[in-house]
Each structure stands twice: as C-alpha cells, then as structure tokens.
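Naming convention: chains lettered A, B, ... in sequence-line order (proteins, then strands); numbering from 1 in each chain. It should be emphasised that the depicted structure is a prediction, and the values quoted were computed from it without experimental measurement.
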Amino acid sequence: MDKAQVASMLEEIATLLALKPEASVFELRAYENAARALVSVDGDLNQLVAEKKLKGTPGLGPTMIKRVEEAVQNGKIAFLDELRAETPAVKLEMMRIPGVGPKKINAIYDQLHVTTLAELEQVCKDDKVAKIPGFGKKTQEKILQGLAFLKQHADRFRFDVAFAEAERIRTALATLPEIVRLEVAGSLRRRRETVKDIDMVASVDDNAPEEAREKIMSFFTTQPTVISITGKGTTKSSVVVASGIAMDLRVVSDSQFPSTLHHFTGSREHHIPLRRRAQNMGMTINDYGLFKISEGKEELVPCHEERDIYAALKLDYIAPELREDTGEIDAAAQHKLPKLVEQSDMRGILHAHTTYSDGQKTLREMVEGCIERGYSYLGITDHSKAAAYAGGLSEEDVRRQWAEIDQINAELQGRFHILKGIECDILKDGALDFPDEVLAGFDFVIASIHSNFNLSPEEQTKRMLKAIANPYTSIIGHPTGRILLGRAGYTLDMEAVIDAAAEQGVCIEINAHPSRLDMDWRLVRKAREKGLKVPLGPDAHAIEGLDDVFYGVGIARKGWLSADDVPNTYTSERLIEFFRAQRERRLSQ
DNA sequence: GCCGTTTTCGGCCCGACTGTTTTCAGTCG
C-alpha cells in the first residue's frame, strides 16, 4: 500500500461523507486535507508507519494517522468499508455530473430511487426530475446534457489540446480594441498535464460602456471553433469548443483584472492557505481585490498586477505553475523560491529520432530544424536494435550514423554540434541493448523501457535499477512509460528509482512529448530535492516535434527546476564535459 | 477531524452564478 493508494482511500471517504447529509463539512475537509498531506510526505509509507513517523505532519491528526496505519497494515479501512456499504454506487457516479452535487444527488435518490446513470437518464426523459421540489426543467436538462458529456469524454483533456484551443480564441480576442488585458487562467495557466476546461480573463477600461462587454462576449460566442453556447452574459460567458472542451470567458474592469486573474488561476488548494495568511494579517481576498479590514470596514489595497497581491501579503511572487499548495507559500515567505527555468534558457535538444530509426526526417533535416529554432546542439538518439518495431539501429547502423555526424560536425564547426547519442532499450533483465564497447562510443546514452510492461512492480523496479547501475547510462528516458489519458504506465517504485539515480549521478528526463510528460512534475520536485539533473527531451520524430520542448518547460517549472537543474540549458562545451565527467566518475567507482 | 504568539474550544476561504425561488440553496472554482 503506497501513499497514493492510501490518499485515494481518504479522498473516497471525503466524497462519501459529502453524500451523508448529517456529516460535518469540516470533517470531510479534514479527510481531503489529510489525503493531500499524505501525498507530499517524504519517504516510504510502510517504513513511516512502522517507525511511527507520521505524527506531527500538518493535516494528519490522531484519527487520520489511525486510518493510515490501518490501511497500511490491513490493506483496508473499516470506516471506508462502512461508508461504501451504506452508500449506493450510483450516488458516487452522479458526483461526476457537472452542476450536480451531494444535495441534488440525495434528493434525486430519495425521491426516485434510481440505481444507475441509465435510469437517471430515463427519469429525466420522463420529466420526473423536474417535479422534485427545488428542481425544475433547466436542472433536468442540465443533468441530461451532463450525462451526454460524460458519455462522450472522460472529462479531461491533454494540455496541448486545450492549449491549442485556448490560443485560437485568445489570438482572436486580442484583436479587439476594447480589451485592455487578456490572459488564460485556470489549470492551463498552471500548466497541468491534463485539464478539465479552459478559463480566460479579459479586462476593459474601468469607464468602458456596457456595450464594450457585450461586443466582446458576442465576438467570443461566435468564434468559428465554438460548437455550442452554454451561457452568455456581460461578465461571464461559457461555450464548448470544437474538441469538446468547455471554455469560460470573464470580462472585468481593468482595475480588478489582477485579482480576477489570480482567483481563476487557482488552485483552490493554493488559495486556502493564502487566504488564511491574509486573514492573519487583517486582510481578506476575493476575486475583486485584496482588502484591509479596519474597524469592520474593508479598504481596497491597490494591486496593479498579480505581483502586488503577493507583495501585500509579504510574499515573493509565486509563478502560476507553482500554485498547487506544495510548499510554495512558505518558500515565498522565506525568499527561497527558485528562479524557474524558461524556454529561452534552452540551448540544445536531447532526445530526437531520425530516418535511421523511426523518425520522419533525416539527420541533416533535424539539424536544420534545430538551427532555425536557435539551438546550438542536438543530441541525436535513435532507437537501439531491440526496438525492432521502430527500426532500431544495429551496431553497423550506429557506425554509419557516427560517420555522418562527424562529417556534419566538421561542416558546421563553431556554429552547431551534434552529440552522438542513442535511446538504448532496457532489456527485460535490466541489461542495455548494446555491449559496453559500443556504448563507450556514444557521447551519452538514454536508457528506456519499451517492452515487458507487465512485470511485477518489484521486477520492474529491479530492472530499472540495474539499468541505472550501468556506468554508460547517462539518462533514463520516459521513466514510467505512461500515456496521458491512454495508459497508466508500468508500475515501479519511482522513489527507489530517483534515489538510485541520485546516488549514481544518473539523470532522469522529462519526456516533453505532450502525450507523455513523463516524469511527472510531482516526481520532478522530488528529483530536484535529491539533486538530480533533469534534461528535457522532446522525443522528436519530426521537425515540429522539436517544439514540444515547450511542454517540457512547463513541467520543469511545475517541478521547481532552475536552468542549472536542466543540462540542456548548458552550452555544448559544458554539456559534453558534464557527460564525460559523469561517465568517468562512474567507470572509476 | 484539525488546530492554536489573543484560542485546548470554537472556529474552519469566499463570492458569483444558476435555477429556483420571492429571499435562498446548491454548486463551482
């Protein structure tokens, strides 16, 4: 039983408590808090429990510790089982319908006794839901729409999909002279790997006439990518865009813009301690501003930018990517936030493929793509021979590629440099796919798993640890193999992997492909704390794939990385020396 | 259920929007 598993059990308790009319909302919140507290605790949970080290963790009181211990020792929590037993499964399913919460669920259940979502759909169609006191036609229609939406989508979208939709509309809106400031907010601005919807905030001049807002909203709701309008007013409008993502636009007076943007950027988890801090300082925050409370009256604290809000709370500016309540507020108070890596820090590409294996472009074309984008080096990493499905390179292919690299490097001397790399398969037993004498010829080696995903967690971890122990391994590629919204990835003990990599001085990449974003930012954070270097790999199979670095930068920032934590921000000379020293140190161990 | 430089009891973030009502409950972020 690991932390994530126990945390999800605590979350389930919170949800089930929400469905119990007599339960206290504060008890419920205590379970939510405990779940999050547990995830961010350091160390192996079994060991923490055995050594009684959970005591003193904020958010984990005596009851919560008892629940966690029970989960670890018995694999279950009796209280959770009790709640499950007394809660019909359909109530949990109904929680996923937008606009439907515990109160409505209980009312529908008590009055109509539905046992499945299909039955719920039927009683809506039979006009029975609208007749429940406090309900009406619109609520019934909204439930039907929500059910249809649930059927169509798993209700989350990949970052890149949502980002592209948001950019289309943002660029269009930016042409309106009425708009003073315009920003994407929400989880998209925080660079979450998947998002539920898109939030956008625009401002108009404080003295702008009502027509200005109306014009903006009409323009917004008639964009070509809008497939349906779910709400239209002068302060907020909601639409669904082509890929099925819901999108909200809020229009506020420019003086309110920083507060509104901040509010809708979230996260909710970040805002809770921030508001508590404000309260302790005699202030209050809402989406219209920051107010000083004196003698019962609220006095606006002028904020021209988001930065001013944090400054008024005696905090360094907290970048949106960090607003997840994972210690950023304390760090900001103590001036200990890192200077986050930026796209402009990136000097070269590590992890790209060519026509030698499964890439679509030649080595030379990939080099040209890098030069056009202002990069000064490319670490080329085609597949090794075990990846037969991807045209993995034989030793002979490798030597042929090295010859071409030497030739192009000679041509481009002083302007651009290609590093000889390989994405070498980690075989089932943890050995690498080339013998040492071949591996020694590469400037660097990315070791990745592409087969045997279904080993037991123990075996998979052992396999990965063996690959890390190989002195020629420079970087571990896409460490969990997950495909966002597609597959979970192989199960292995990532904390053990990070510890081993830290001990041996091996890097773990952030695979920047938007369907992977692997390693996960929560793990990046842990890797940084252990002192790992984390390169960004676009895993490009075509020229445009080089641009995926952008997604990786977002994840690196969410993992609190600075430029110095990311080797491909180094100059090519420094990077080559970094890999050389890494190998020398490991061979001498 | 958790927590404490005003507190071991009495708080716990806050406001808008929607849909239903005619003054408000529920949901959301």
Side-chain angles (χ1 to χ4, degrees), chain A residues 10 13-14 17-21 23-38 54-68 79 94-108 129-143 145-146 185-190 192 195-201 230-238 246 248 250-252 256 259-291 293 298 313 323 325 329:
Chain A
L10 297 177
I13 291 177
L17 283 174
L19 287 162
K20 264 175 84 125
S24 142
V25 293
F26 300 111
E27 185 183 351
L28 177 169
R29 196 174 295 164
Y31 278 94
E32 286 176 345
N33 288 339
R36 285 193 308 113
L38 192 61
L54 286 175
K55 196 161 174 265
T57 308
L60 298 179
T63 306
M64 294 303 167
I65 290 180
K66 218 177 77 202
R67 304 272 190 241
V68 174
F79 182 52
M94 285 160 78
M95 284 293 281
R96 290 167 51 220
I97 305 170
V100 176
K103 300 288 160 58
K104 287 205 173 91
I105 289 173
N106 282 322
I108 294 172
V129 170
K131 302 223 163 65
I132 301 171
F135 285 63
K137 283 271 183 203
K138 292 216 172 157
T139 304
Q140 179 170 280
E141 187 51 38
K142 209 170 170 188
I143 293 173
Q145 281 177 4
S187 49
L188 202 56
R189 183 165 180 240
R190 300 200 314 277
R192 290 293 290 242
V195 305
K196 200 155 146 273
D197 49 25
I198 301 169
D199 289 297
M200 209 172 277
V201 181
T230 45
K232 191 180 171 195
T234 51
T235 59
K236 176 188 170 185
S237 293
S238 306
D248 287 349
R250 285 178 173 77
V251 178
V252 297
Q256 292 170 344
S259 286
T260 307
L261 175 65
H262 182 256
H263 181 81
F264 287 104
T265 297
S267 66
R268 179 175 166 272
E269 287 75 15
H270 173 77
H271 282 174
I272 290 171
L274 200 66
R275 285 177 173 172
R276 190 173 299 132
R277 183 180 177 90
Q279 213 176 39
N280 291 340
M281 292 171 71
M283 291 185 271
T284 183
I285 301 175
N286 62 38
D287 49 334
Y288 292 126
L290 176 67
F291 299 89
I293 305 166
E298 290 185 354
L313 297 171
R323 299 179 197 168
D325 189 28
I329 294 177

#### Entry: Residue pair A/I272, A/D325: steps toward the side-chain contact (heavy atoms from CB on, under 4.5 Å) verdict
CA-CA 9 Å; A/I272 290 171; A/D325 189 28; over 6 Å; no
### Task
For side-chain contact (heavy atoms from CB on, under 4.5 Å), just list the numbers for A/L188 and A/D197, CA-CA rounded to whole Å, side-chain angles, deciding distance to a tenth of an Å, and then say yes or no.
CA-CA 8 Å; A/L188 202 56; A/D197 49 25; over 6 Å; no
### Task
Begin with the C-alpha distance, continue with both residues' side-chain angles, and end with the deciding distance and a verdict on side-chain contact (heavy atoms from CB on, under 4.5 Å) for A/F135 and A/I108.
CA-CA 9 Å; A/F135 285 63; A/I108 294 172; 3.8 Å; yes
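In this structure, CD of A/E27 is placed 15 Å from C1' of B/dC3, rounded to the nearest angstrom. Here the C1' atom of nucleotide B/dC3 and the CZ atom of A/R29 are 14 Å apart, to the nearest Å. A/M281 has its CE atom 16 Å from the P atom of B/dT5, to the nearest Å. One interatomic measurement links the two molecules: CG of A/L274 to P of B/dG15, which rounds to 15 Å at whole-angstrom precision. Rounded to whole Å, atom P of B/dG15 lies 12 Å from atom CG of A/L290. The separation between A/N33 atom CG and B/dG1 atom C1' is 10 Å, rounded to whole Å. With rounding to whole Å, A/F26 atom CZ is found 14 Å from B/dG1 atom P. Atom CD of A/Q279 is separated from atom C1' of B/dG10 by 14 Å (rounded to the nearest Å).
A donor-acceptor pair is defined here as one N or O able to donate and one able to accept, closer than 3.5 Å; such a pair exists between the side chain of A/H271 and the backbone of A/H262. In this structure, the side chain of A/T260 engages the main chain of A/D287 through a donor-acceptor pair within 3.5 Å.
Nucleotides B/dT8 and B/dC12 place their C1' atoms 16 Å apart, quoted to the nearest Å. Separation of the C1' atoms belonging to B/dA25 and B/dT20 is 9 Å when rounded to the nearest angstrom. Here the separation of B/dG26 from B/dT21, taken at their P atoms, is 13 Å to the nearest Å. Of the C1' atoms belonging to B/dT23 and B/dT18, the separation is 15 Å, rounded to the nearest Å. The separation of B/dG11 from B/dT7, taken at their C1' atoms, amounts to 9 Å, rounded to a whole angstrom.
Closest of all the heavy-atom pairs between A/M64 and A/G59 is CG-O, 4.0 Å.
In this structure, A/G59 and A/H271 both approach DNA chain B, and ranking their closest nucleotides by distance from the 5' end singles out A/G59.
As the counterpart of B/dG26, B/dC17 is assigned, both hydrogen-bonding distances of the Watson-Crick or G-U wobble pattern falling under 3.5 Å.
When the side-chain nitrogen and oxygen atoms of A/T63 are compared with OP1 and OP2 of B/dC2, one or more of them lie within a distance under 4.0 Å. Listed pair A/N286 / B/dG15 meets the phosphate criterion, a side-chain N or O lying under 4.0 Å from OP1 or OP2.
Once rounded to the nearest 0.5 Å, the distance linking CZ of A/R36 with CG of A/L10 reads 12.5 Å.
Side-chain contact annotation: A/R189 with A/T265, donor-acceptor N/O pair under 3.5 Å present.
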## Note on the structure
In 5'-to-3' order, the base (B), backbone-only (S) or no-contact (-) status of each nucleotide in nucleotides 16-29 of chain B, using a 4.0 angstrom heavy-atom cut-off, is SS-SS-----SSSB
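A glycosidic torsion no more than 90° from 0 defines the syn conformation; B/dT22 lies beyond that range and is anti.
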